[in-house]
Q: 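Supplied in structure tokens, the structure appears directly below.
We count ligands from 1, going down the list as the structure has it; atoms in each ligand are counted the same way.
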Amino acid sequence: AAYQTLIVEAPERAPGVALIRLNRPEALNALNTALLAELAEALAAAEADDQVGCIVLTGSAKAFAAGADIKEMSDKTYAQMFKADFFTAGARAVERCRKPIIAAVAGYALGGGCELAMMCDMIIAADSAKFGQPEINLGVAPGIGGTQRLTRFVGKSKAMDMILTGRMMDAAEAERSGLVSRVFPADGLIDEVLAIAAKIAAQSPLAVAMNKELVQAAYETTLTTGVALERRLFHSLFAFDDQKEGMAAFVEKRKPTFTGT
Ligand code: HXC
């Protein structure tokens with residue numbers, strides 16, 4: 001599909017990876033209705049494609065995304081925001097994707113951009129990354145999960161600090177706080193992330209999907225329920241050929257070839 005606001009690639013050096021690049025350079029990749037609709041479409045396509053085992057979502061060197069598009073929002077009324085259920089459809093598309101999504105963040109990830117990165121399964125940052133929820137400066141609040149996810153990821157005190165002051169957090173602070181899993185020099189970011197994504201894409205897609213679901217459950221449910229779910233899914237993995245292959249390969253001292261069956 002040809003997109004206006006995204007560039008979607010299947011990089012040769014990263015087999016099994018779909019690379020989705022936000023591409024509104026004139027607005028530092030600000031998220032608007034068109035971009036989120038295209039993102040939903042691109043994620044659905046990646047999800048439907050058996051060749052894709054991992055998705056990487058990235059922006060430019062200057063910005064992952066500098067927030068929701070303020071120019072699109074500024075004149076909207078409450079009735080319009082409510083009727084459009086502003087950005088909920090886009091957020092849901094990311095939230096319900098069953099394949100892992102890695103956010104590769106360089107430059108600004110602000111407002112909705114930070115929220116979009118946090119909806120992904122992990123954030124890997126360039127040393128140039130700057131995270132923030134500056135909505136307070138506009139007289140509003142985060143609207144696609146920022147107050148909830150940032151608080152769970154970095155704790156209440158730092159989330160309050162970020163959200164009430166609108167200040168930015170650099171990559172080192174984000175790594176220290178648990179917001180990002182790893183930090184790389186900016187010029188190597190995409191290659192490092194593609195290598196990580198290719199490694200995930202080479203695993204059993206069944207095991208990957210179940211592992212993703214289990215870690216997500218840790219945020220959605222109680223410990224007892226989460227552990228019970230883990231036990232059930234762990235046992236159920238023994239129904240797949242990939243479990244037999246993975247364990248046989250270990251015993252035979254060779255690399256496994258997973259088939260997703
Ligand atoms: C629309 C934006 C934008 C945004 C940048 N631009 N951010 N347009 N919405 N969120 C545009 C600028 O207007 C400008 O366009 C061009 O991108 C380059 O930006 P500059 O400001 O000139 O760049 P710079 O001086 O380097 O500053 C970078 C920046 C700043 C610090 C990131 O752009 C900034 O503060 N942006 C807004 C960040 C923000 O408040 N985000 C939260 C949005 S609210 P022109 O045409 O002038 O060249 C939100 C709510 C989420 O996200 C809830 C969802 C439902």
Side-chain angles (χ1 to χ4, degrees), residues 3-7 20-41 43 57-97 101 103-120 123 125-154 158-174 179-180 186 189:
Y3 297 104
Q4 307 299 311
T5 62
L6 306 175
I7 298 170
I20 302 177
R21 194 181 284 280
L22 306 177
N23 186 40
R24 293 190 68 217
E26 71 287 359
L28 300 182
N29 294 331
L31 311 175
N32 62 9
T33 303
L35 182 149
L36 284 172
E38 290 194 341
L39 181 59
E41 202 181 318
L43 289 174
L57 183 60
T58 197
S60 66
K62 184 160 185 202
F64 177 76
D69 191 318
I70 300 167
K71 293 163 192 166
E72 184 183 49
M73 285 185 297
S74 59
D75 292 331
K76 294 237 191 273
T77 64
Y78 173 45
Q80 288 171 325
M81 293 297 276
F82 181 79
K83 271 204 283 193
D85 204 0
F86 200 78
F87 282 3
T88 300
R92 291 257 162 82
V94 183
E95 289 165 342
R96 74 170 162 241
C97 180
I101 309 175
V105 173
Y108 297 110
L110 301 179
C114 186
E115 295 173 285
L116 175 62
M118 290 192 292
M119 275 174 226
C120 296
I123 303 175
D127 51 13
S128 64
K130 285 193 169 38
F131 298 90
Q133 297 289 165
E135 287 89 343
I136 193 86
N137 296 327
L138 302 167
V140 293
I144 43 174
T147 59
Q148 306 305 300
R149 289 197 176 90
L150 189 64
T151 306
R152 285 167 196 226
F153 298 164
V154 307
K158 197 178 282 284
M160 282 287 189
D161 174 359
M162 302 290 302
I163 289 167
L164 297 183
T165 69
R167 78 173 174 91
M168 293 185 207
M169 196 196 281
D170 66 14
E173 185 179 2
L179 180 61
V180 313
L189 176 74

Q: What residues come within 4.0 Å of ligand 1, counting heavy atoms only?
A: Glu26, Ala27, Leu28, Ala30, Lys62, Ala66, Gly67, Ala68, Asp69, Ile70, Lys71, Met73, Phe86, Phe87, Tyr108, Leu110, Gly111, Gly112, Glu115, Pro134, Glu135, Leu138, Gly143, Ile144

Q: Should the heavy atoms of other residues, nucleotides or ligands under 6.0 Å from CG of Asp75 be counted, would the total exceed 12?
A: no

Q: State the SG-CE distance between Cys97 and Met119, to the nearest 0.5 angstrom.
A: 12.5 Å

Q: Once you round to the nearest 0.5 Å, how far does CZ of Phe64 lie from CG of Asn29?
A: 8.5 Å

Q: Among Ile7, Thr5, Leu6, exactly one meets side chain to side chain contact (heavy atoms under 4.5 Å, CB included) together with Asn23. Which residue is that?
A: Ile7

Q: Supply the atom-to-atom distance Met81 CE to Thr88 OG1, rounded to the nearest 0.5 angstrom.
A: 9.0 Å

Q: Would a distance-only check, ignoring hydrogens and angles, find a side-chain to backbone donor-acceptor pair under 3.5 Å from Arg167 to Met162?
A: no

